[in-house]
Amino acid sequence: MGLRLYNTMSSRMEEFAPLVDREVRMYACGPTVYDYGHIGNFRTFIAVDILRRYLKQSGYAVKHVMNITDVDDKIIRNAARDGVTVQQYTAKYEKAFLEDAAMIGIEQPTLVRATEHIRQMAEFVAKLEKKGIAYRTDDGSYYFRIAKFPQYGKLSKKDFSGMVDGARVDVDEYEKDSARDFALWKSPKPGEASWETVIGRGRPGWHLECSVMSMQELGESFDLHAGGEDLVFPHHENEIAQSESLTGKPFAHFWFHARFLLVEGEKMSKSLGNFFTLRDLVLKGHKPSSIRYLLTSVPYRNQLNFTFDGLRQAAVSVERLRNFRSRLETGKFADGSNDEMQALGKETEERMRAALDDDLNTAQAQAAIFEMVRRANIALDSGQLRSNDGPGLVSALNSFDEIFAVLKDDDLPKMRHVLDWAKADGREEQVSPELRDLLRSGQLPDAEIERKISDMKAARAARNFQLSDSIRGELTAAGILVEITKNDIRWRRK
RNA sequence: GGCGCGGUACCCAAGUGGUAAGGGAGAGGUCUGCAAAACCUUUAUGCGUCGGUUCGAUUCCGACCCGCGCCUCCA
C-alpha cells in the first residue's frame, strides 16, 4: 500500500511511483514577490508542504524545488514607478514571504530565482527558435508556435484542433501568427527593466522560467509538478509545450493542483473586503498554528471555506491536542502496560497512514488522532493508562506532527515578530487588542511564574484557597492559564 | 457558451451501494473547595430538489435548482 495521488494529467487517482526508486524530484510554482502573501497563496504552499512532509515520512529522499518569480510585468512596472531596481523592489517581499512561510510551518524547499536564470532562459528560446518552434516578431519579442505542439491542451483538456493556423490575428501591440501563441520573451519597454542576451534585449515570459529552472534543477523528466489550480491553464500547459517540444521527453509525470479557498463563502478579493494576508490575521490576534491547522483541515482538492469562526475552532482543536500531549508528558502513571493502549498508538499510526495514502486525506488523519486522544483520555481519567503506554501514544502524536506541525507551542514569539514588523512598518493601528492581550502573557518570565505557582501550592497546602485563588487571578490576568490537577499545578501561556 | 468541481446536523467537515468519521458550538451530567482540563449523554430515520436503476441509494444514472473554479500571466 503506497501513496495514491490525483494526477491532473490523467484526471484520475494513480499510484505514486517516482522515476528513481526512493527518490522524489518535485517542483512547485512559488510566489511572485510583488506584495505580501495572502492566505490563498498559503493554502497551496501548505498543501505542497504536506505532500513533501508525507513523502519524507514515507521514506523518500525529496528534492523539492520552488521558484521565486522576481521578475514579471507587475514587478517591473512597480519598480519603475517607485524608481528602484527590480531587485530592490522584490527583496522586501521575498524576505517577507520566507518569514511567513516559516511562521506557518512550511519547510523551505530549494529556492531558485528567475532573475538568476535570464541567460539560460534566453538560450532556451534560442534553441526553440532553431527548431522552428519559437519565432521572433518585429519588435523583438518571441512567441511559441502552438501549431508545432499538437498535444497542446492535454493537461487542461482543451481542444485546440479546430484552430486555424496561419490566420493572422490582430492582438493590439503584438503581431502573433496565432492568437493562442504565447510570449516566451518580451521586447523591452522604455524606462523598464530589461536584460541583454543572445536573443536580444528584453525580459522573460512567465511560463519560460519554470520550464528552464525545473529542468535545470531536476532534469528533463521529473516526478511531480505542483501549483494552484489556476495554473493548470495556461501556465502549466505552456510549460509542458515548451519543455516537451524542446526535449521530446515527458516533462513532469504527476501534476498536483490545490483547489482555491473561499473566504466566508466568497472568492477572496480586495473589492469584497475579504482579502487577508497572513500578517493581517496575526495582527488580528490569530495564531499561526490555528491558521495552519485550518488550512490543513480540508483535503487539498476540496474547496475550503476560510472563516473566522473556523479559525477560532481550529485554535481550540490545536489546544486540545497540546493539552493531551502535556497530560501524557507530565502525568505520573502506575507501572506496567495496558494492551488496549499499546494497540491504540499503532492503530492510529496505521489509520493516519491509510488516510494520507489516499490522496492526502488530511481530514481523516485528523479524525484518527482525535479518536486516539479521546480514548487515551478516558484511560487517563480512569487510571488505566500505564507508564509503558505513553511512548506509543507520543510516537503517534509525533507522526501526526511531522505532517501537521502544530503541536510545538511557539506561536507567541512568532506573533511578537509580526507585531515588531507592524510597528516598524507604520501599521500600528492595525494591531488588534486581542494580539496585544495575547502577547502580554509572554511578558512574565518563567521563573516569576514558577515562583507564583509555588506560592499557590503553599497556600493550598495550608487550605488558604482565598490566597491561592487570588494568585491564580493575577496569573490569569497576565495571560497565564493555570490548571490544578490531582497532585500538581500545571500552567501554560494563553 | 465550452470544460470541471461541489451542495452532508447550529457551524466547519470526512465518507460509503446495506443503513451517517472527526472537530467546534449549545444543553444536561461526572470529577473538583472553586476554576481549568478531561470524560459521559444529547443535537441528521437524514446526506440540495424531483425522478430512475436496485432486494436496498446519501452513495450509481438523468433532469432541475443553488454555489464555486478555469477558459490571455490571480495560489
Side-chain angles (χ1 to χ4, degrees), chain A residues 8 11 28-32 37-48 69 72-74 153 156-159 171 176 179-183 186 205-209 226-235 237-238 257-262 265-270 275 293-294 297-307 309-321 323-324 326-327 351 355 358 361-371 373-382 460 463-466 468-469 472-473 476 481-486 489-492:
Chain A
T8 308
S11 306
C29 289
T32 302
H38 56 71
I39 54 178
N41 295 318
F42 285 106
R43 188 208 185 175
T44 298
F45 297 130
I46 284 181
V48 175
T69 298
D72 86 327
D73 288 358
K74 204 176 297 185
S156 53
K157 313 293 179 291
K158 291 182 190 302
D159 185 5
V171 185
K176 297 195 272 185
R180 285 291 180 184
D181 288 354
F182 58 88
K186 298 178 181 183
W206 174 43
H207 315 302
L208 186 60
E209 73 174 83
E229 62 168 332
D230 59 318
L231 299 185
V232 174
F233 189 89
H235 184 55
E237 196 73 70
N238 290 354
H257 292 103
R259 191 99 199 255
F260 267 21
L261 58 68
L262 259 41
E266 296 186 280
K267 185 176 179 176
M268 181 166 66
S269 74
K270 286 183 176 164
F275 183 95
Y293 187 88
L294 178 57
S297 63
V298 177
Y300 75 97
R301 283 201 302 127
N302 292 0
Q303 202 163 55
L304 182 158
N305 186 13
F306 189 99
T307 65
D309 192 40
L311 205 45
R312 282 183 289 271
Q313 293 181 10
V316 180
S317 298
V318 170
E319 262 319 290
R320 184 165 158 84
L321 294 172
N323 276 337
F324 173 71
S326 149
R327 258 191 118 175
R351 282 182 62 188
D358 182 20
N361 192 329
T362 46
Q364 294 217 310
Q366 290 176 349
I369 204 76
F370 277 104
E371 172 97 21
V373 169
R374 201 190 78 249
R375 287 172 59 190
N377 268 324
I378 293 171
L380 275 162
D381 279 356
S382 66
R460 287 173 51 78
R463 301 199 60 81
N464 185 346
F465 293 119
Q466 209 170 7
S468 163
D469 287 354
R472 183 169 67 196
T476 305
L481 298 179
V482 179
E483 280 178 41
I484 296 166
T485 63
K486 265 202 177 59
I489 299 183
R490 232 179 9 226
W491 64 272
R492 62 198 151 84

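Note that the coordinates shown come from a computational prediction; the quantities given were computed from them, not determined experimentally. Each chain gets a letter, A, B and so on, in the order its sequence line appears, and its residues count up from 1.
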Between [M] and [N], how far apart are the [atom1] atoms? Round to whole Å, please.
| N | M | atom1 | result |
| --- | --- | --- | --- |
| rG46(B) | rC71(B) | C1' | 38 Å |
| rA37(B) | rC12(B) | P | 24 Å |
| rA25(B) | rU32(B) | P | 24 Å |
| rU41(B) | rG48(B) | P | 28 Å |
| rG23(B) | rA38(B) | P | 11 Å |
| rG15(B) | rC47(B) | C1' | 11 Å |
| rA9(B) | rU49(B) | P | 10 Å |
| rU58(B) | rU8(B) | P | 16 Å |

Could I get the full list of side chain to side chain contact (heavy atoms under 4.5 Å, CB included) partners for Pro299(A), not counting sequence neighbours? Asn302(A), Asn361(A), Thr362(A), Ala363(A)
Pairing residues for Ala47(A) by the side chain to side chain contact (heavy atoms under 4.5 Å, CB included) criterion, not counting sequence neighbours: Phe256(A), Ala258(A), Tyr300(A)
Sub-4.5 Å side-chain heavy-atom contact between [X] and [Y]:
| X | Y | value |
| --- | --- | --- |
| Thr32(A) | Lys74(A) | no |
| Leu262(A) | Phe260(A) | no |
| Lys157(A) | Val232(A) | no |

Would you tell me if any nitrogen or oxygen in the side chain of Lys267(A) comes within less than 4.0 Å of OP1 or OP2 on rC70(B)? yes
Whole Å only: how far is the [atom1] atom of [X] from the [atom2] atom of [N]?
| X | N | atom1 | atom2 | result |
| --- | --- | --- | --- | --- |
| Arg312(A) | rG26(B) | CZ | P | 12 Å |
| Lys157(A) | rG4(B) | NZ | P | 10 Å |
| Gln366(A) | rG23(B) | CD | P | 11 Å |
| Phe324(A) | rG23(B) | CZ | P | 13 Å |
| Glu266(A) | rC74(B) | CD | C1' | 17 Å |
| Phe233(A) | rC74(B) | CZ | P | 14 Å |

Under 4.0 Å, heavy atoms only, any strand: does His38(A) hit a base, just the sugar-phosphate, or nothing? base
With a 4.0 Å cut-off on heavy atoms, is Leu231(A) in touch with a base, just the backbone sugar-phosphate, or nothing at all? sugar-phosphate
Residue mapping more 5' on RNA chain B - nearest nucleotide basis, Gly205(A) or Tyr293(A):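 It is Tyr293(A) whose nearest nucleotide is closer to the 5' end.
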Run the side-chain hydrogen bond (donor to acceptor under 3.5 Å, both in side chains) test against [X] and tell me which residues pass, sequence neighbours left out.
| X | result |
| --- | --- |
| Asp309(A) | Gln313(A) |
| Glu319(A) | Arg492(A) |
| Gln366(A) | Tyr293(A), Thr296(A) |
| Ser468(A) | none |

Could a donor-acceptor pair under 3.5 angstrom be found where the side chain of Lys186(A) meets the base of rC73(B)? yes
What residues form a ring pair (Phe, Tyr, Trp, His ring centres under 6.0 Å) with His38(A), not counting sequence neighbours? Phe275(A)
Ring pair (Phe, Tyr, Trp, His ring centres under 6.0 Å) involving Trp206(A) - partner list, sequence neighbours excluded: His235(A)
Determine, for nucleotides 9-15 of chain B in 5'-to-3' order, which nucleotides have protein heavy atoms under 4.0 Å from the base (write B), from only the sugar-phosphate (write S), or from neither (write -). --B-SSS
How would nucleotides 29-41 of chain B be written as a contact map, 5' to 3', with B for base contact, S for sugar-phosphate-only contact and - for no contact, using protein heavy atoms under 4.0 Å? ----BBBBSBSS-
Partners passing salt bridge (Lys or Arg N to Asp or Glu O under 4.0 Å) against Arg472(A) (at least two apart in sequence or in another chain):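 Checked Arg472(A) against salt bridge (Lys or Arg N to Asp or Glu O under 4.0 Å); matches are Asp469(A).
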Under 5.5 Å between ring centres and under 30° between planes: true for Phe260(A) and the base of rA75(B)? yes
Range-with-range stems for RNA chain B, at least three Watson-Crick or G-U pairs under 3.5 Å: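 Stems for RNA chain B, defined as runs of 3 or more consecutive pairs: B:1-7 with B:65-71, B:10-12 with B:22-24, B:26-30 with B:38-42, B:48-52 with B:60-64.
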